[in-house]
Undergrad: 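Got a structure for you, questions after.
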Amino acid sequence: MASSTNELTHDFPPFFKVFKDGHVERYPFPIPNHHVPAGLDPNTGIQSKDVVISPETGLSARIFIPKIDGPDQKLPLLIHYHGGGFCAGSPFDTSAQKYITSLISQANMIVVAVDYRLAPEHPLPIAYDDSLAALQWIATHYNNQGPEPWLNEYADFGRVFLAGESAGANISHYVAVRAGATGLAGLKIVGVLIVHPFFGGKECDEMYKFLCPTSSGCDDDPKLNPAVDPDLSRLGCDKVLVCVAEKDWLKDRGVAYYETLGKSGWGGSVEFFETKGEDHCFHMMNSDNDNSKVLLKKFVDFIIGD
């Protein structure tokens, strides 16, 4: 039956809608966002390649390295988890490519951008599991004997950062907590960039509940409300930067996260930064405006100022 005549069972704009026969249709991205092949960026000298982390699940990533000046150069390593409501986005698209290459150009580091599987076709917590699995795979390179030569040769596993925006910020937090609670040999997470984070509010989040059938969608779920996570104080990093945007409907949740972390008993330092006059993930939509450049500089200072 054609989708136009099929009965709609769930509708979650601007992300996706679900029909009675089970098929999912995604809404078009609000700005042009196309797939970019891996390779050499002639403007920056940054190289990228795609790797399969798990052939069993299809979990993959794109690795970016700056232009290398001489042998034995060990660079900070950032693991990036993209946003998109757990159901959209990719490390292979134009917005991610521009953001990551801009970051590398200023911070001179390696980036592993994780392509976790998307809900609802792959229900949560699969995205969380994939994201943690990617970090564990990266950690297997700490003795320079891992499967990926770029990580063996160039990554400094004593200077690792996690970063994400929106749903990716939620995932970054989750991965850092799990790393701290369970331990991760050979790898030290120095800092976590939590940018315009998605966390739950006081009302039940119906879309999250649909994406994650095991969740109540309410604030008793530690993935939605870090304040109820018994492992919060074991967050596995030294410092966190929480960024919010003044006009973002999620701003209050980012503020609440910052305040919760500050009184959690966690021993690290947490910094707060607000961009005035901007909306959710504005720096991904328009990386060339002045506020985007200021925010990017904030990220760079957080990474290279450790």
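Count residues from 1 along the sequence.
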Undergrad: Would Leu250 and Phe15 show up in the same hydrophobic cluster when neighbours are defined by side-chain heavy atoms closer than 4.5 Å?
TA: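 Yes: a chain of side-chain contacts under 4.5 Å links Leu250 to Phe15.
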
Undergrad: Please report the interatomic distance CZ(Phe199) to CG(Asn225), rounded to the nearest 0.5 Å.
TA: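 Between Phe199 CZ and Asn225 CG, I get 9.0 Å after rounding to 0.5 Å.
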
Undergrad: Run the side-chain donor-acceptor check on residues 178-198: report pairs under 3.5 Å with partners two or more places apart or on a different chain.
TA:
unit_1	atom_1	unit_2	atom_2	d
Arg178	NH2	Asp231	OD2	3.0
Thr182	OG1	Arg178	O	2.7
Lys188	NZ	Asp238	OD1	3.3
Lys188	NZ	Asp238	OD2	2.9
His196	ND1	Cys281	N	2.9

Undergrad: Specify whether Phe12 and Phe210 have parallel, tilted or perpendicular ring planes, treating 30° as the upper limit for parallel and 60° as the lower limit for perpendicular.
TA: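 Rings of Phe12 and Phe210: tilted, as their planes differ by 30° to 60°.
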
Undergrad: Is the shortest side-chain N to carboxylate O distance from Glu278 to Lys251 below 4.0 Å?
TA: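 Lys251 and Glu278: not salt-bridged.
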
Undergrad: Could you tell me whether Lys297 and Asp301 make a salt bridge, using a distance below 4.0 angstrom between a side-chain N and a carboxylate O?
TA: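 Judged by the 4.0 Å cut-off on N to carboxylate O distance, Lys297 and Asp301 do form a salt bridge.
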
Undergrad: Would you give the length of the straight line joining atom OG1 of Thr57 to atom CZ of Arg117, rounded to the nearest 0.5 angstrom?
TA: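 CZ of Arg117 is found 4.5 Å from OG1 of Thr57.
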
Undergrad: Suppose we call two aromatic rings close when their centres sit under 6.0 Å apart. Are Tyr27 and Phe16 close by that rule?
TA: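 No - the distance between ring centres of Tyr27 and Phe16 does not fall below the 6.0 Å cut-off.
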
Undergrad: What about Tyr208 and Val175, same hydrophobic cluster or not, with Ile/Leu/Val/Met/Phe/Trp/Tyr joined at side-chain heavy-atom distances under 4.5 Å?
TA: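 Hydrophobic grouping puts Tyr208 with Val175.
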
Undergrad: Val112, Leu103: one ILVMFWY side-chain cluster at the under-4.5 Å cut-off?
TA: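 Shared cluster, no.
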
Undergrad: Using 0.5 Å steps for rounding, measure from the OG atom of Ser95 to the CE atom of Met285.
TA: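 Answer rounded to 0.5 Å: 7.5 Å.
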
Undergrad: For residues 50-70, pull every pair meeting ring pair (Phe, Tyr, Trp, His ring centres under 6.0 Å), keeping only residues two or more places apart or in separate chains.
TA: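 As it turns out, there is no ring pair (Phe, Tyr, Trp, His ring centres under 6.0 Å) pair with a partner in residues 50-70 once direct neighbours are skipped.
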
Undergrad: Should Lys293 and Asp288 count as an ion pair when the cut-off is N to O under 4.0 Å?
TA: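 A salt bridge is absent here (no side-chain N lies under 4.0 Å from a carboxylate O).
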
Undergrad: Are Val36 and Ile100 joined in one hydrophobic group, where the rule is that I, L, V, M, F, W and Y side chains link up if heavy atoms are under 4.5 Å apart?
TA: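 No, no single cluster joins them.
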
Undergrad: Hey, can you tell me if His283 and Phe299 have their rings parallel, tilted or perpendicular (30° and 60° cut-offs)?
TA: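 Correct class here is perpendicular.
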
Undergrad: Looking at the rings of Phe273 and Phe302, which for Trp means the six-membered one, are their centres under 6.0 Å apart?
TA: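 No, too far apart.
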
Undergrad: Could you see if Phe161 belongs to whatever hydrophobic cluster contains Ile304? Use Ile, Leu, Val, Met, Phe, Trp, Tyr and a side-chain cutoff under 4.5 Å.
TA: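 Hydrophobic grouping puts Phe161 with Ile304.
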
Undergrad: Aromatic rings Phe272 and Tyr258: how do their planes relate, parallel, tilted or perpendicular, breaks at 30° and 60°?
TA: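 Because their plane-to-plane angle lies in the 30° to 60° range, the rings of Phe272 and Tyr258 count as tilted.
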
Undergrad: With a 4.5 Å limit on heavy-atom distance, are the side chains of Asp50 and Phe92 in contact?
TA: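 In contact.
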
Undergrad: Assert yes or no for the condition that the ring centre distance of His82 to Tyr116 is strictly below 6.0 Å.
TA: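 Yes: the rings meet the under 6.0 Å criterion.
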
Undergrad: Would you please indicate if the ring centroids of Phe19 and His10 are separated by under 6.0 Å?
TA: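 Not close enough - the centres of the two rings lie 6.0 Å or further apart.
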
